[in-house]
2 protein chains.
Amino acid sequence: MLPMSEPTKIRILDSAERLFAHNGFEATSLRAIIVEARVNLASVHYYYRSKEGLIRAVLERRFAPINQERLRLLEVCQHAAGDRSPSVEQILEAFLLPMVMVGIKKSKRNSYLMQLGGRILLESGTQFERIVEDQFKEVARCFLQAFQQAMPRLAPNEIAWRMNFTIGAAAKAMFAGIPMKVLSNVLQKVDGEFEVREIASRLIGYTAAGMKAP
Amino acid sequence: MLPMSEPTKIRILDSAERLFAHNGFEATSLRAIIVEARVNLASVHYYYRSKEGLIRAVLERRFAPINQERLRLLEVCQHAAGDRSPSVEQILEAFLLPMVMVGIKKSKRNSYLMQLGGRILLESGTQFERIVEDQFKEVARCFLQAFQQAMPRLAPNEIAWRMNFTIGAAAKAMFAGIPMKVLSNVLQKVDGEFEVREIASRLIGYTAAGMKAP
DNA sequence: GTCTATATGGGGATAGAC
DNA sequence: GTCTATCCCCATATAGAC
């Protein structure tokens with residue numbers, strides 16, 4: 001149950017984000033959201049028109065800035081590289097860090113974003129694919145191009161496949177906030193939470209090796 | 001709509017598998033299943049007791065043999081290696097091929113399994129995690145141990161993380177049966193379907209490099 | 001802007017006839 | 001084993017008072 005200090009419109013967004021992250025879009029009902037946010041059911045439709053509109057708003061609030069940051073970091077490292085191409089590691093960092101690193105800020109709200117991010121990356125072949133597509137189209141295009149310039153000898157579709165694998169690996173990293181029952185006995189925790197900096201460096205090490213595989 | 005040649009119990013399983021693969025477990029209603037299978041709603045509860053029971057049966061039919069095959073292949077390559085450890089590539093093949101390669105058989109039914117497999121690997125932090133856990137506990141344990149023996153200098157939790165990333169990458173490979181809108185323009189298709197042999201070799205190349213990253 | 005009340009439909013599950 | 005009929009709950013969405 002959220003405090004009443006925030007306005008209704010924001011409380012809806014906060015609760016929706018937490019519950020979507022925790023249970024998925026499909027499994028989260030508007031009713032569950034309004035109970036936690038302590039708002040009226042009708043207010044959801046007043047502000048966001050429909051459940052789909054709410055999902056869109058939740059994703060946009062968090063991922064619009066992240067995707068902006070990704071493109072900014074990409075430009076920064078491209079500029080720093082001058083007329084050469086940035087390294088695969090640098091491109092991967094621009095792609096992965098803005099998303100993974102938000103988890104480092106210790107605020108509760110940001111930790112939901114980790115799981116929400118994981119959930120997004122996994123939404124292939126669902127009714128929400130369209131929403132996700134709209135959010136990430138531009139980023140996908142720019143990074144695909146950047147990888148092609150960094151590895152000109154790799155065929156474009158080979159690079160696309162490897163990016164796809166990278167996204168899957170990243171999604172699993174994002175979900176680390178949720179205890180993974182099968183492997184959890186060997187996964188290290190810090191204060192009951194996974195150490196995000198470690199996750200990020202492990203993820204980048206793994207994906208960089210995969211992207212550059214012979 | 002399925003033909004009536006198969007008995008009711010099987011038709012339910014076939015339709016459920018296709019729809020679960022296509023739309024996810026949560027989003028697929030029993031009613032949608034019985035329409036396609038052309039059976040009565042009550043028969044689902046008669047044979048499988050509940051929706052959860054049906055999910056369990058669908059997964060077990062396909063993944064029990066696959067997981068058996070995984071363990072068999074692991075034993076084979078461990079035996080062939082004698083007193084040394086199999087290579088990371090060999091272990092990865094034992095882990096990934098039994099799942100990916102079923103897609104090669106051109107039967108329609110097996111192509112659902114690709115997506116179903118992807119969907120399973122993604123079901124972290126949902127109400128279905130328990131079901132998935134039961135199916136894969138043994139396999140996870142054995143392969144974790146195998147990787148540890150192959151890379152004794154890597155910390156166990158480092159290996160667990162890399163296995164987790166590998167599973168995410170594999171999940172994305174499994175979903176290749178569904179057109180990936182964002183990247184699809186550069187992904188190669190053969191006869192409207194992705195070439196599974198190529199996917200498998202790409203996936204193993206990528207994940208082997210990741211697992212062995214410095 | 002916020003609420004109550006309700007429309008409307010779909011969901012899983014079951015009783016009981018055949 | 002199979003079917004009809006139905007229970008009961010929950011879902012999204014909206015109308016209309018305040």
Side-chain angles (χ1 to χ4, degrees), chain A residues 1-61 119 123 126-132, chain B residues 1-61 119 123 126-132:
Chain A
M1 296 259 268
L2 293 180
M4 304 292 286
S5 53
E6 299 282 329
T8 298
K9 190 175 178 181
I10 302 299
R11 288 216 309 286
I12 295 173
L13 225 45
D14 288 343
S15 292
E17 177 175 314
R18 197 188 76 79
L19 290 169
F20 285 151
H22 205 252
N23 305 318
F25 301 111
E26 185 81 24
T28 301
S29 69
L30 295 184
R31 288 182 143 79
I33 293 170
I34 62 141
V35 166
E36 183 177 296
R38 291 199 282 179
V39 301
N40 189 277
L41 176 58
S43 62
V44 177
H45 293 92
Y46 175 78
Y47 285 113
Y48 301 105
R49 271 205 25 184
S50 67
K51 184 175 180 179
E52 176 177 328
L54 176 59
I55 294 175
R56 211 173 271 273
V58 165
L59 297 185
E60 185 147 348
R61 175 172 67 156
R119 219 164 265 287
E123 289 291 344
T126 73
Q127 48 177 320
F128 306 110
E129 192 174 32
R130 181 81 175 282
I131 302 180
V132 173
Chain B
M1 297 257 270
L2 292 181
M4 303 292 284
S5 54
E6 298 284 329
T8 298
K9 191 175 178 182
I10 302 300
R11 288 216 309 286
I12 294 172
L13 226 44
D14 288 343
S15 293
E17 177 176 313
R18 197 187 77 78
L19 290 170
F20 286 151
H22 205 252
N23 305 318
F25 301 110
E26 184 83 24
T28 301
S29 68
L30 295 184
R31 289 183 151 80
I33 293 170
I34 60 138
V35 166
E36 182 177 297
R38 291 199 281 178
V39 301
N40 189 277
L41 176 58
S43 62
V44 176
H45 292 94
Y46 175 77
Y47 284 113
Y48 301 104
R49 271 204 25 186
S50 67
K51 183 175 180 179
E52 177 177 328
L54 177 58
I55 294 174
R56 212 173 269 275
V58 165
L59 297 185
E60 186 147 347
R61 176 172 66 155
R119 217 164 267 286
E123 291 289 345
T126 73
Q127 48 177 322
F128 307 109
E129 191 175 33
R130 181 81 175 281
I131 302 179
V132 173

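These figures come from a predicted structure and were not determined experimentally. Throughout, protein chains are lettered first and strands after them, A, B, ... in sequence-line order, and every chain is numbered starting at 1.
- Summarising the geometry, atom CZ belonging to B/R56 is positioned 7.0 Å from atom CZ belonging to B/R130; distances are rounded to the nearest 0.5 Å.
- Heavy-atom minimum distance, B/I131 versus B/E52: CD1-CG, 3.7 Å.
- Listed by first then second residue, pairs satisfying ring-ring contact (aromatic ring centres under 6.0 Å, His included) with a partner in residues 24-51 of chain B read B/F20-B/F25, B/F25-B/F128, not counting sequence neighbours.
- Residues passing the side-chain contact (heavy atoms from CB on, under 4.5 Å) test with A/R49, sequence neighbours excluded: none.
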Between protein and nucleotides 11-18 of chain C, map the contacts as a letter string: B base, S sugar-phosphate only, - none, heavy atoms under 4.0 Å, written 5' to 3'.
-> BBBB----
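- Separating the CD1 atom in A/I33 from the CG atom in A/L19 is a distance of 6.0 Å, to the nearest 0.5 Å.
- Between A/S43 and C/dC3 there is no side-chain N or O to OP1 or OP2 distance below 4.0 Å.
- Following rounding to the nearest Å, B/R38 (CZ) and D/dG1 (C1') show an atom-to-atom distance of 18 Å.
- Between B/T8 and the phosphate of D/dT2, there is a side-chain N or O to OP1/OP2 separation shorter than 4.0 Å.
- To the nearest angstrom, P of D/dA13 lies 15 Å from OH of A/Y48.
- Counting to the nearest Å, the P atom of C/dG1 and the CD1 atom of A/I12 are 12 Å from each other.
- At the phosphate of D/dT2, OP1 or OP2 sits under 4.0 Å from a side-chain N or O atom of B/Y47.
- Screening A/R38, A/K9, A/R61 against A/D14 for a salt bridge (charged side-chain N to carboxylate O under 4.0 Å, His left out) leaves a single residue, A/R61.
- To the nearest angstrom, P of D/dG1 lies 14 Å from CZ of B/R11.
- As rounded to whole Å, 17 Å separates atom P of C/dT4 from atom OH of A/Y46.
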